[in-house]
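Below: one structure, written as structure tokens.
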Amino acid sequence: MTKVRVRFAPSPTGYLHVGNARTALFNWLFARQNKGEFILRVEDTDVERSEKEYEDQLIKDLQWLGLDWDEGPDKGGDHGPYRQSLRMDIYASYSQTLIENKKAYYCFCSPEQLKRERESARAEGKTPVYSGTCRGLSPEESKQRIEAGEEAVIRLFTPDRGTLDFHDLVRGSLSFQLELIGDPVLLRSNGLPAYNYAVVVDDALMGISHVIRGEDHLINTAKQILLYKALEFDPPLFAHLSMVMGEDNTRLSKRHGATSVHQFNQEGFLASALFNYLALLGWSPSEEKEVLSKNELIHKFDLSKVSRSAAVFDYDKLHWISRQHIKKLSAREIAEKAFEPLQEEGFLPDEMSDKQWSWLQKAATALIKGISCFSEFPEQFLIFFSFSPKKMTEDARKVLETECGTKVVQALSKELKQTLRVNFDKLSVISGEIKKQTGCKGKDLFHPLRVALTAQTSGLDLDKFIPLLEQGAKLDFPVPIKNCAQRAAETDRFIQGI
RNA sequence: GCUCCUGUCGUCUAGCCUGGCCUAGGACACCGCCCUUUCAAGGCGGCGACACGGGUUCAAAUCCCGUCGGGAGCGCCA
């Protein structure tokens with residue numbers, strides 16, 4: 001069997017969309033599991049929409065996701081150039097050969113005329129197909145008109161009858177009526193290649209063995225196979241992936257939420273989590289385990305088991321997968337990931353002392369459980385860095401306004417005033433004392449305690465929270481952390497004011 | 001409109017090719033219980049689907065036909 005060579009060929013017109021990212025990922029997985037090569041090619045022939053910044057961004061996004069390529073515009077290779085804008089002479093030369101071999105012809109129809117034809121065909125309920133007006137032009141006449149400066153495109157001669165059949169690795173055998181395939185434009189009048197043509201020339205010259213792409217290309221594939229034949233190249237194998245949709249079953253777009261790899265990166269998702277989730281969109285492992293690393297995915301992935309129907313992008317499941325990946329991180333990794341968002345929020349200094357790092361590790365590890373992505377961290381850390389009884393929610397206030405609540409807070413404030421060092425054990429002693437004094441116990445005791453110290457109704461277990469709070473209060477953070485005694489006193493004053 | 005693709009729990013899917021093992025399996029979400037010094041996390045359990053209609057067959061989610069639904073394509077865009 002020939003060497004597996006696959007490619008991802010985006011046009012640099014914006015951020016990398018997760019749908020395209022999935023296509024790239026399936027290609028990459030297929031290449032890696034077959035010890036083949038993965039090639040990045042930039043399709044920048046649409047000058048109006050392509051921009052170099054987008055190409056750079058694309059490369060960053062792909063790299064962040066964890067994909068690497070063996071050949072590409074940034075690293076070269078034996079089959080370059082890998083930017084279509086640099087391959088113009090190649091396209092021109094093959095199209096000339098096709099003209100000479102009478103497999104292609106010049107067409108002088110104006111865009112306006114073609115548009116009219118399409119519209120009237122559609123009005124009649126027919127599929128618009130190029131009429132073939134210029135098919136019969138003699139080479140001499142064409143040549144004269146070109147020399148006279150007339151604008152022309154080059155079109156491929158395609159058969160008018162029969163079907164074009166091919167086998168798709170995902171969908172099985174497919175059949176298209178040739179009658180409905182018009183002669184595709186190869187070279188536009190401005191000399192730039194049209195998509196279908198550039199793709200075929202590039203894929204053939206780059207030795208691509210498998211073309212794995214979205215199902216929106218299904219009909220292009222028929223045209224492209226015709227082109228392979230005309231150019232006397234062997235067509236590669238094809239696999240068409242289903243589309244990625246939003247929950248309302250329309251193509252995934254910004255309306256549905258984050259759609260670009262870049263956004264997920266910024267929101268603090270782990271690349272390994274997005275990678276894992278994307279692999280599961282339209283494919284599932286044969287065993288039941290779904291949380292998989294990149295390496296596991298390389299081994300388990302099976303192109304022939306890819307689903308044929310469209311897949312809805314499920315943010316909930318992505319969050320779950322993300323949590324599973326986050327759980328596997330070490331305390332140090334967690335702290336490192338937490339640093340940036342917390343620092344941006346103004347909670348942490350630019351330069352962290354060893355003690356601060358060690359505190360951050362413990363605190364972040366304790367808070368990680370409720371988190372799906374790292375951008376949620378600052379909110380979680382509010383339990384340390386922000387304490388304001390005045391701002392507590394109504395639910396929290398209600399806890400304090402109960403008979404027990406009021407008594408517990410008063411007693412706590414009093415007890416803590418006399419206590420220099422607070423830790424969880426000390427607090428346990430204190431809470432036992434308060435229990436005796438007030439007669440409140442269980443939830444009636446502990447819930448007010450929690451609210452008094454955090455101004456929140458939920459959060460960390462108190463046995464983890466209290467030592468962290470006391471330690472943190474001694475460290476010099478840009479936003480100082482208030483210790484237990486301060487908090488209890490403030491809460492006490494607050495409820496007395498109600 | 002035409003052409004192509006597609007249709008299993010709300011969502012991602014297993015099963016379909018090679019009919020019986022399917023009382024249709026798993027995961028997310030949801031709900032409940034347990035654990036617990038609230039919540040969350042974790043553990044356990046529950047709800048929940050073969051789009052519809054015909055056929056073939058002793059037997060159909062699985063094969064055939066039709067209907068309906070969803071998506072895509074119909075450019076000198078990619």
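Protein chains get the first letters and strands the later ones, always in sequence-line order, with residue 1 at the start of each.
Here the nucleotide nearest the side chain of A:W320, chosen from B:U6, B:C28, B:C76, is B:C28. Checked against B:C76, B:C4, B:A29, the side chain of A:Q177 finds its nearest nucleotide in B:C4. Among B:G42, B:U13, B:A40, the nucleotide with an atom closest to any side-chain atom of A:S307 is B:U13. The side chain of A:D316 approaches B:A29 more closely than any other nucleotide in the set B:C76, B:A41, B:A29. Side-chain proximity of A:V153 to B:C76, B:A78, B:U38: nearest is B:C76. Nearest to the side chain of A:S458, among B:U38, B:A40, B:C5, sits B:U38. Minimum atom distance to the side chain of A:K317 is reached by B:C28, of the listed B:G42, B:C28, B:C76. Of the candidate nucleotides B:A41, B:C5, B:G10, B:G10 has the atom nearest to the side chain of A:D314.
Going from atom CD1 of A:I225 over to atom P of B:C4 covers 16 Å, rounded to whole Å. Per the geometry, CZ belonging to A:F176 stands 14 Å off C1' belonging to B:C2, to the nearest Å. Atom OH of A:Y315 and atom C1' of B:U11 are 13 Å apart (whole Å). One can place CD of A:Q224 at 12 Å from P of B:A78, the figure rounded to the nearest angstrom. Nucleotide B:A27 holds its P atom 15 Å from the CG atom of A:N276, rounded to whole Å. The separation between A:F238 atom CZ and B:C5 atom P is 16 Å, rounded to whole Å. Rounded to whole Å, atom C1' of B:C4 lies 15 Å from atom CZ of A:R308. Summarising the geometry, the separation between CD on A:E287 and P on B:G15 is reported as 13 Å, rounded to the nearest angstrom.
For B:A41, there is no paired base (Watson-Crick or G-U wobble, both distances below 3.5 Å). For B:C35, there is no paired base (Watson-Crick or G-U wobble, both distances below 3.5 Å). Using N1 to N3 plus N6-O4 or O6-N4 for Watson-Crick, or N1-O2 and O6-N3 for G-U wobble, each under 3.5 Å, B:G20 pairs with B:C58. Pairing for B:C30 goes to B:G46, judged as Watson-Crick or G-U wobble with the two contacts each under 3.5 Å. The pairing partner recorded for B:A51 is B:U67, the criterion being a Watson-Crick or G-U wobble arrangement whose two distances lie under 3.5 angstrom. Base-pair partner of B:U3: B:A72 (Watson-Crick or G-U wobble, both distances under 3.5 Å).
Aromatic pair A:Y197/A:Y94: centroids not less than 6.0 angstrom apart. Residues A:F157 and A:Y105 place their aromatic rings such that the two centres sit under 6.0 Å apart. Between A:H319 and A:Y277, the gap from one ring centroid to the other reaches at least 6.0 Å. For A:Y315 and A:F313, the ring centers are positioned less than 6.0 Å apart.
No engagement by A:K464 is indicated, since no non-hydrogen atom pair under 4.0 Å with the nucleic acid exists. Note on A:S189: a base of the nucleic acid sits closer than 4.0 angstrom, heavy atoms only. Within 4.0 Å (heavy atoms only), A:L174 reaches sugar-phosphate atoms of the nucleic acid but no base atom. A:S309 comes within 4.0 angstrom of the backbone, heavy atoms only, and of no base. Residue A:G282 is in sugar-phosphate contact alone, with no base atom involved, counting any heavy-atom pair closer than 4.0 Å across all strands shown. Residue A:D461 is classed as a base contact, given a heavy-atom separation below 4.0 Å to a base. Across all strands shown, A:C107 has no heavy atoms under 4.0 Å from either base or sugar-phosphate atoms. Across all strands, A:R171 comes closer than 4.0 Å only to sugar-phosphate atoms, never to a base (heavy-atom distances). Among the atoms of the strands shown, none is found under 4.0 Å from any heavy atom of A:S286. A:E288 comes within 4.0 angstrom of the backbone, heavy atoms only, and of no base.
For B:G42, the OP1/OP2 oxygens have a side-chain nitrogen or oxygen of A:K327 closer than 4.0 Å. Using a 4.0 Å cut-off, some side-chain N or O of A:T45 falls inside it from OP1 or OP2 of B:A78.
Taking atom P on both B:G42 and B:A27, the two are 13 Å apart, rounded to the nearest angstrom. One C1' atom belongs to B:C12, the other to B:G48, and the distance between them is 15 Å to the nearest Å. Spacing between B:A29 and B:C50 at atom P, rounded to whole Å, works out to 24 Å. When the P atom is compared between B:A61 and B:U8, the two are found 15 Å apart, to the nearest whole Å. On the C1' atoms, B:C22 is 13 Å away from B:A49, given to the nearest whole Å. Comparing B:U6 with B:A78, their P atoms sit 27 Å apart, to the nearest whole Å. Distance noted for atom C1' between B:C35 and B:G43: 8 Å (whole Å). Here, B:G15 and B:G7 have their P atoms 13 Å apart, quoted to the whole Å.
Ring-plane geometry between A:F176 and A:F166 is classed as parallel, the angle between the planes falling under 30 degrees on a 0 to 90 degree scale with a further cut at 60.
A salt bridge links A:D160 with A:R135: at least one charged nitrogen is closer than 4.0 Å to a carboxylate oxygen.
When A:L156, A:V153, A:V200 are each tested for a side chain to side chain contact (heavy atoms under 4.5 Å, CB included) with A:L186, only one passes: A:L156. Shown are A:I225, A:I212, A:L169; of these, the side chain to side chain contact (heavy atoms under 4.5 Å, CB included) with A:F238 is made only by A:I225.
Of the two residues contacting RNA chain B, namely A:L281 and A:Q324, the nearest-nucleotide position lying further toward the 5' end is that of A:L281.
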Step by step, work out the side-chain contact (heavy atoms from CB on, under 4.5 Å) result for A:T45 and A:M88. CA-CA 9 Å; A:T45 52; A:M88 293 304 161; 4.0 Å; yes
Dump the intermediate steps for side-chain contact (heavy atoms from CB on, under 4.5 Å) on A:V42 and A:R83, then the final yes or no. CA-CA 5 Å; A:V42 175; A:R83 212 174 268 126; 4.1 Å; yes
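Side-chain atoms of A:R213 and A:T221 include a donor-acceptor pair closer than 3.5 Å.
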B/S/- along nucleotides 64-75 of chain B (protein heavy atoms under 4.0 Å) is ------SSSSBS
Donor-acceptor pairs under 3.5 angstrom involving side-chain atoms of residues 375-384 of chain A: please list them, not counting sequence neighbours.
unit_1, atom_1, unit_2, atom_2, d
A:S375, OG, A:E267, O, 2.8
A:E376, OE1, A:S372, N, 3.0

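In this structure, the aromatic ring of A:F446 is positioned over the six-membered ring of the base of B:U37, centres within 5.5 Å and planes within 30°.
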